[in-house]
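All of these numbers come straight from a predicted model, not from anything done at the bench.
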Amino acid sequence: MSFFAKLFGLNQKATVSKDVVTQATQESPLFNQPSFLELIKKRRSIYSIGKNLQHTPSEIEGLIQEAVKHSPSAFNSQSSRIVILFNESHQNFWNIVLDVLKTIVPAEALAGTEQKIQSFAAGAGTVLFFEDQDVIKGLQEQFELYADNFPVWSEHSTAIAQFAVWNVLAEQGIGASLQHYNPIIDEKINAAFDIPAQWKLRAQLVFGSIEGEAGEKAFIEDKSRFKTFG
């Protein structure tokens, strides 16, 4: 039996008009799935987040793992390393960040800094993105001709992984924003969470339930960004 016959519950010998098939297809769940481009547009920086998620930590962990696992990397190096923090670990992470910032932020700016960090701690979890430097060094030794490029390609790899995870969470209605408090927090974070010395922290994606919509996003003119030749 054909795909459409199964989809519409038709006998193979039955005939239907093109309009009926088109209408039924458009009304089917398969047809109404958002496109990849629509999902990309849905991903935004959400700063007002909470802990009211419908997903369990295990479900979120699975989504993150699959997103990173299937993200491309140079030479299939798979250099990205991920640490996912929930509950007390998530809170402890942002406590450490704040403690570090208190040592370097001017007194007059401290109140605003504390408020910002507390807004992150109000979320449900944090994804820490690392790059394994041993993998990069190994590739540099194996492919000396490209040695200077592997650190750059590592940055590409982590960026793709970050983008993939962010989009997967957005698809599930989970808000997130990407932060970069490395390298000033690296030493304390490595000690607190037993991070291997060869893992280099690259970014922190804090996530949670969406408690406030993203702000307006402005775009520069396309002609200043794109060129096409044919």
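- Using a 4.5 Å heavy-atom threshold, the side chains of Pro183 and Leu201 count as separate.
- Annotation: the span from Phe93 atom CZ to Ile117 atom CD1 amounts to 8.5 Å, rounded to 0.5 Å.
- The heavy-atom pair separating Pro34 from Leu39 by the smallest distance is CG-CD2, 3.8 Å.
- A pairwise comparison of heavy atoms in Ile136 and Pro151 identifies CG2-N, 4.0 Å as the closest pair.
- Annotation: Gln172, atom CD; neighbour count of heavy atoms from other residues, nucleotides and ligands within 6.0 Å is above 12.
- Pairs engaging residues 177-215 under the ring pair (Phe, Tyr, Trp, His ring centres under 6.0 Å) rule: Phe86-Phe207, Trp94-Tyr181, Phe130-Trp199 [sequence neighbours left out].
- For Gly175 against Ile210, the heavy-atom pair with the smallest separation is N-CG1, 3.4 Å.
- Taking the ring pair (Phe, Tyr, Trp, His ring centres under 6.0 Å) definition, one finds that Phe143 meets it with Phe75, sequence neighbours left out.
- Annotation: side chain of Phe120 is in contact with side chain of Ser177 (closest heavy-atom distance under 4.5 Å).
- Looking at residues two or more places apart in sequence or on another chain, you find no ring pair (Phe, Tyr, Trp, His ring centres under 6.0 Å) involving Tyr47.
- Judged as a side chain to side chain donor-acceptor pair (under 3.5 Å), the pairs with a partner in residues 130-139 (not counting sequence neighbours) are, in order, Ser79-Glu131, Ser80-Glu131, Arg81-Asp132, Glu131-Ser154.
- Contact record, Asn92 with Ala192: ND2-CB, 4.5 Å, taken as the closest heavy-atom pair.
- Once rounded to the nearest 0.5 Å, the distance linking CD1 of Ile189 with CD1 of Ile96 reads 4.0 Å.
- With contacts defined as side-chain heavy-atom distances shorter than 4.5 Å, the pair Val165/Phe129 qualifies.
- Applying the side chain to side chain donor-acceptor pair (under 3.5 Å) rule to Asn52 yields the partners Glu211; only residues at least two apart in sequence or on another chain are considered.
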Output a table of donor-acceptor pairs, distance under 3.5 Å, between side-chain atoms of residues 98-113 and any protein atom two or more places apart or on a different chain; print 'none' if there are none.
{"residue": "Thr103", "atom": "OG1", "partner": "Val100", "partner atom": "O", "Å": "2.5"}
{"residue": "Thr113", "atom": "OG1", "partner": "Ala109", "partner atom": "O", "Å": "3.1"}

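- Sorted by first and then second residue, the pairs that involve residues 157-169 and meet side chain to side chain donor-acceptor pair (under 3.5 Å), not counting sequence neighbours, are Thr158-Gln162.
- Checked by atom type and distance alone, the side chain of His90 pairs as donor or acceptor with a backbone atom of Ala121 at under 3.5 Å.
- Contact check for Ile60 versus Leu169: side-chain heavy atoms found under the 4.5 Å cut-off.
- Here the OG atom belonging to Ser209 is positioned 7.5 Å from the CD1 atom belonging to Ile49, to the nearest 0.5 angstrom.
- Sorted by first and then second residue, the side chain to side chain donor-acceptor pair (under 3.5 Å) pairs involving residues 140-149 (not counting sequence neighbours) form an empty list.
- In this view, Gln91 and Asn95 satisfy the side chain to side chain donor-acceptor pair (under 3.5 Å) rule, not counting sequence neighbours.
- Under the salt bridge (Lys or Arg N to Asp or Glu O under 4.0 Å) criterion, Glu155 pairs with Arg202, not counting sequence neighbours.
- With sequence neighbours left out, the side chain to side chain contact (heavy atoms under 4.5 Å, CB included) criterion links Lys217 to Arg43, Arg44, Phe219.
- Other residues sharing a hydrophobic cluster with Phe229 under the 4.5 Å side-chain heavy-atom criterion for ILVMFWY residues do not exist; the residue is a singleton.
- For the atom pair CD of Glu66 and CD of Glu61, the computed distance is 11.0 Å after rounding to the nearest 0.5 Å.
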